[in-house]
Amino acid sequence: PSYFNNTATLFFNIQGDRRKPQLEVAFDGRRIIDNELVSGKALIEVMLWDENQFLSLEDTNTLEVSLFHPDGQEQTLSVSDPNVFFSSSYDADRGLNTAKLTYQSDFTVSGLYRLEVLGRDASGNATGLNDKLVVSFRVINENTISEVINYPNPFSTSTQFVYTLTGEPPIDFRIQIATVSGRIVREIKMEELGPLEVGTHRTEYAWDGRDEYGDLLANGVYLYRIIAKDRNGKPYKQYSDFEDQGLSRFFQNGWGKMVLLR
């Protein structure tokens with residue numbers, strides 16, 4: 001048989017890339033809620049992911065980032081700034097092209113800042129329904145700390161501590177736990193608590209209801225207070241928003257109350 005004059009015609013359409021890339025912003029390695037308190041020296045990371053495996057995100061214009069200061073001044077985060085670094089890569093495990101812009105901040109003015117980010121993939125698809133991702137955050141440079149709230153309270157096996165910190169982390173930080181008569185039964189130091197971070201956080205450390213000698217304390221009410229000092233030995237001021245949170249009623253003369261129930 002001969003096939004030299006046999007032909008076939010097949011029609012097909014090629015659609016362009018229409019999938020939107022994904023965008024995320026992190027401060028010191030974590031995502032924040034709007035108006036959250038962050039460090040004045042936070043490392044800001046803007047990350048873009050695209051499912052198109054064939055078109056890399058190496059163009060520095062992939063990410064457009066604007067920073068608005070408390071006075072309304074706009075700052076464009078450009079790779080020409082020595083504090084800005086741009087990189088792109090391919091994540092073979094997830095099949096994603098990625099782009100990342102990092103900015104080492106040094107905010108000397110306290111107040112409310114706003115970050116606006118527009119990301120586009122190599123096909124020109126913008127991120128999100130409204131294109132721009134907007135994140136507002138607060139900076140307070142004065143060294144202050146709130147009263148520490150233990151959670152859960154009452155507790156039976158262990159309890160952690162929640163705090164709000166501004167400025168710089170203290171050099172000296174301790175939580176003293178006492179009986180209602182005022183006898184100190186346990187002092188938790190920074191070495192046990194781990195590093196303290198600017199913002200509102202809960203310690204990874206959990207107190208197990210034991211005294212300085214490792215013995216279980218009896219059920220009952222215990223008092224606690226914090227001691228925080230900066231590098232010059234100056235005590236931290238009380239965080240100004242603390243009373244607005246309605247928590248001051250749990251403290252008298254700087255002492256909080258916790259209940260141990262086994």
Side-chain angles (χ1 to χ4, degrees), residues 19-52 56-89 91 94 96-144 146 163-169 195-202 239-241 244-245:
R19 290 190 176 183
K20 294 178 179 291
Q22 301 298 312
L23 188 64
E24 180 178 293
V25 176
F27 291 75
D28 289 330
R30 66 184 187 87
R31 295 161 65 178
I32 66 170
I33 61 175
D34 220 26
N35 296 332
E36 188 170 334
L37 185 66
V38 303
S39 169
K41 297 184 183 295
L43 180 66
I44 301 176
E45 296 175 296
V46 180
M47 293 154 284
L48 186 76
W49 291 278
D50 185 30
E51 294 182 351
N52 191 319
S56 65
L57 303 176
E58 58 188 13
D59 187 345
T60 56
N61 293 321
T62 293
L63 291 167
E64 299 176 14
V65 184
S66 295
L67 177 65
F68 293 85
H69 292 250
D71 61 1
Q73 179 183 357
E74 180 180 0
Q75 175 188 357
T76 300
L77 299 189
S78 167
V79 292
S80 60
D81 186 330
N83 293 319
V84 176
F85 178 75
F86 178 88
S87 63
S88 64
S89 62
D91 187 338
R94 301 168 64 189
L96 299 174
N97 268 302
T98 66
K100 181 165 72 171
L101 182 145
T102 60
Y103 173 61
Q104 180 56 63
S105 67
D106 187 12
F107 301 124
T108 58
V109 177
S110 299
L112 184 65
Y113 291 77
R114 187 174 80 254
L115 196 70
E116 295 187 0
V117 183
L118 176 62
R120 295 186 184 276
D121 62 20
S123 300
N125 298 311
T127 55
L129 295 176
N130 298 316
D131 293 344
K132 284 188 178 182
L133 173 64
V134 179
V135 180
S136 297
F137 58 94
R138 290 187 298 148
V139 172
I140 300 176
N141 287 313
E142 185 180 22
N143 291 338
T144 69
S146 70
Y163 64 91
T164 296
L165 174 70
T166 73
E168 296 182 351
L196 302 177
E197 301 178 54
V198 171
T200 301
H201 301 279
R202 183 166 62 181
Y239 177 55
S240 60
D241 285 355
D244 296 338
Q245 298 172 11

Exercise. Heavy-atom distance under 4.5 Å between the side chains of Val65 and Leu115, does that happen here?
Worked result: yes
Exercise. Mind checking what makes side chain to side chain contact (heavy atoms under 4.5 Å, CB included) contact with Ser56, not counting sequence neighbours?
Worked result: Glu58, Asn97
Seminar exercise, completed: Output for pair (Leu77 CG, Glu64 CD), nearest 0.5 Å, gives 12.0 Å
Exercise. Rounded to the nearest 0.5 Å, what separation is found between the CG atom of Leu133 and the CG atom of Leu118?
Worked result: 10.0 Å
For this session: Run the numbers on Leu37 and Thr200 for side chain to side chain contact (heavy atoms under 4.5 Å, CB included), then give the verdict.
Result: CA-CA 7 Å; Leu37 185 66; Thr200 301; 5.5 Å; no
For this session: Could I get the full list of salt bridge (charged side-chain N to carboxylate O under 4.0 Å, His left out) partners for Glu36, not counting sequence neighbours?
Result: Arg30
For this session: To the nearest 0.5 angstrom, please state how far the CG atom of Leu48 sits from the CG atom of Asp121.
Result: 7.5 Å
Problem set entry | Interatomic distance, Glu24 atom CD to Glu45 atom CD [nearest 0.5 angstrom] | 9.0 Å
Problem set entry | Any donor-acceptor N/O pair, Ser146 side chain to Tyr239 backbone, under 3.5 Å | no
For this session: For residues Gly119 and Leu63, report the shortest heavy-atom separation together with the two atoms involved.
Result: CA-CD2, 4.1 Å
Seminar exercise, completed: Sequence neighbours excluded, the answer for salt bridge (charged side-chain N to carboxylate O under 4.0 Å, His left out) partners of Arg120 is none
Problem set entry | Pairing residues for Thr62 by the side chain to side chain donor-acceptor pair (under 3.5 Å) criterion, not counting sequence neighbours | none
For this session: Mind checking side chain to side chain contact (heavy atoms under 4.5 Å, CB included) for Asp81 and listing every partner two or more places apart, or none if nothing turns up?
Result: Gln75, Asn83, Val84, Tyr103
For this session: Supply the atom-to-atom distance Lys20 NZ to Asp50 CG, rounded to the nearest 0.5 angstrom.
Result: 12.0 Å
For this session: Identify the two heavy atoms, one from Gly40 and one from Ser105, that lie closest to each other, and give their separation to 0.1 Å.
Result: O-OG, 3.5 Å
Seminar exercise, completed: For Phe68, the side chain to side chain contact (heavy atoms under 4.5 Å, CB included) test, sequence neighbours excluded, returns Ser66, Glu74, Arg114, Glu116
Exercise. Which residues pass the salt bridge (charged side-chain N to carboxylate O under 4.0 Å, His left out) test with Asp106, sequence neighbours left out?
Worked result: Lys41
Seminar exercise, completed: Only residue of Val79, Asn61, Leu57, Val46 satisfying side-chain contact (heavy atoms from CB on, under 4.5 Å) with Phe86 is Val79
Exercise. So, Ser136 side chain and Asp34 main chain: donor-acceptor pair closer than 3.5 Å or not?
Worked result: no
Exercise. Taking it one step at a time, do Val135 and Ile32 satisfy side chain to side chain contact (heavy atoms under 4.5 Å, CB included)?
Worked result: CA-CA 8 Å; Val135 180; Ile32 66 170; 4.0 Å; yes
For this session: Search all heavy atoms of Pro70 against all heavy atoms of Ser110 and return the closest pair with its distance.
Result: CG-O, 4.0 Å
Seminar exercise, completed: Applying side chain to side chain donor-acceptor pair (under 3.5 Å) to Ser80 and not counting sequence neighbours gives Ser78
Exercise. Of all residues at least two apart in sequence or in a different chain, which pass the side chain to side chain contact (heavy atoms under 4.5 Å, CB included) check with Ser89?
Worked result: Thr98
For this session: Measure the spacing between CD of Gln104 and CG of Leu43 and express it to the nearest 0.5 Å.
Result: 5.5 Å
Problem set entry | Non-neighbouring partners of Glu142 that pass side chain to side chain donor-acceptor pair (under 3.5 Å), sequence neighbours left out | Lys237
For this session: List for me each residue that meets ring-ring contact (aromatic ring centres under 6.0 Å, His included) alongside Phe137, sequence neighbours excluded, and say none if there are none.
Result: Phe27, Phe107, Tyr113
For this session: Taking side chain to side chain donor-acceptor pair (under 3.5 Å) as the test, write out the residues that go with Thr76, two or more places apart.
Result: none
Exercise. Does Leu96 offer a backbone N or O that forms a donor-acceptor pair with the side chain of Asp91 under 3.5 Å?
Worked result: no
